[in-house]
Protein chains: 2
Amino acid sequence: MTSQDLISQANGIPEEINGLRMTRQRQEIYKLLMGERSHPTANEVFMRIKESLPNISLATVYNCLEALVQHHIIRQVNFDREPSRYCPNLDEHGHFHDEATGTIHDVKFKPGINLTDILDLPPHTVIKDVEITLRGQLAFS
Amino acid sequence: MTSQDLISQANGIPEEINGLRMTRQRQEIYKLLMGERSHPTANEVFMRIKESLPNISLATVYNCLEALVQHHIIRQVNFDREPSRYCPNLDEHGHFHDEATGTIHDVKFKPGINLTDILDLPPHTVIKDVEITLRGQLAFS
DNA sequence: GCAGAAAATTAGAATCATTCCGAATTGTAT
DNA sequence: ATACAATTCGGAATGATTCTAATTTTCTGC
């Protein structure tokens, strides 16, 4: 039994996801994102992850987040030029940014809706990624 | 007749749009954007605008673009964390980023489509702004 | 298990789009 | 004309992100 096995056992997260070796740091960051609905920034992840990994560096947080994004384990979400946020929800969905509170809500498509049905795309287009972001306010919650 | 009048006369652009005084710099930048379908970045605008305004500063380009955006005269478009791009098309539309060539194409909605018809928004939401961006490739043009 | 290779992590420096600052210029109103 | 406000300007500052080089950890073949 390798130390990698032990890490995985303790975390309940497999040793590898989508071909990415889940090191301790990647596991903890992934676990943190799964437990948060708040779409944290890299810096927010960095501050919160220190509870479980006091010696982690910001560079590693960026490295891990990038690795997780590139292996389609999490998604990176950008609002205008604000710091990137990270999201463990892989379903096709958009993001609503409530300006009053600063919170971000996932927005699902209504059932049966296909993006390509509603957009007038140039012919022969292969779409790799779609990002839908909405800004506004929750009038009275 | 003020110098402002003269500027406007020569450019064919009104002295004021949406409550924003159209200075020489703002006019030239607006005119440049109207003539380009290329969604240039601030720096690209800066380089091209020097032909008509050799002494303009990059700070002014940023100032003008921001003023034009805030007065809803142009739109700011962001792809991931790349430099912002600017677009004179005010119709509700999305942007397709062709990874092969780096070019950006406006994407219209099919007629009769309303964003709120297809998204499952939280109740009592007031949407101020929508951004739809697509990444992919033009298979064979 | 062990040597060597490969991958991951780290701290700090570097990058680069954008914003800020203070001074100078231009425009507007009286 | 004179004063007050808005705009422009060059350069410095900011801040998220990326890069670099060194160290540590993990993996592979014996």
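All values below were derived from every heavy atom in this structure, side-chain atoms included, with hydrogens, water molecules and symmetry-related copies excluded.
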Engineer: Would you classify T41(A) as touching base, sugar-phosphate or nothing, given that sugar-phosphate means primed atoms plus P, OP1 and OP2, and contacts are heavy atoms under 4.0 Å?
Structural biologist: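 If one applies the 4.0 Å heavy-atom cut-off, T41(A) turns out to touch nothing in the nucleic acid.
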Engineer: Output the rest of the hydrophobic cluster of I104(A): all Ile, Leu, Val, Met, Phe, Trp and Tyr residues reachable through side-chain heavy-atom contacts under 4.5 Å, sorted by chain and number.
Structural biologist: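 Cluster partners of I104(A): V77(A), F79(A).
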Engineer: Does Q25(B) put a side-chain nitrogen or oxygen below 4.0 Å from OP1 or OP2 of dC9(D)?
Structural biologist: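 Indeed, a polar side-chain atom of Q25(B) lies that close.
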Engineer: When you compare the side chain of M47(A) with that of N43(A), does any pair of heavy atoms fall below 4.5 Å?
Structural biologist: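 Contact flag for N43(A)/M47(A) side chains = yes.
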Engineer: Does the side chain of S84(B) get closer than 4.0 angstrom to OP1 or OP2 of dT18(C) through an N or O atom?
Structural biologist: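 The answer is yes; a side-chain N or O of S84(B) sits under 4.0 Å from OP1 or OP2.
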Engineer: Starting at CZ of R26(B) and ending at P of dT26(C), how long is that distance when rounded to a whole Å?
Structural biologist: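 These atoms are roughly 16 Å apart.
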Engineer: Side-chain N or O of T60(B) less than 4.0 angstrom from OP1 or OP2 on dC9(D)?
Structural biologist: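 Checking dC9(D) against T60(B), a side-chain N or O does come within under 4.0 Å of OP1 or OP2.
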Engineer: Between the protein and nucleotides 22-25 of chain C, list the N/O to N/O atom pairs that are separated by less than 3.5 angstrom.
Structural biologist:
none

Engineer: Rounded to the Å, how far apart are N63(B) CG and dT26(C) C1'?
Structural biologist: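 To the nearest whole Å, that distance equals 15 Å.
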Engineer: Both Q76(A) and V61(B) contact DNA chain D. Which one's nearest nucleotide lies toward the 5' end?
Structural biologist: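 Result of the comparison: V61(B).
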Engineer: How many whole angstroms separate atom CD of Q27(B) from atom C1' of dG27(C)?
Structural biologist: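 Rounding to the nearest Å, CD of Q27(B) and C1' of dG27(C) are 14 Å apart.
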Engineer: Using atom CG of L65(A) as one end and atom P of dT9(C) as the other, report the distance to the nearest whole Å.
Structural biologist: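 Distance, rounded to whole Å: 11 Å.
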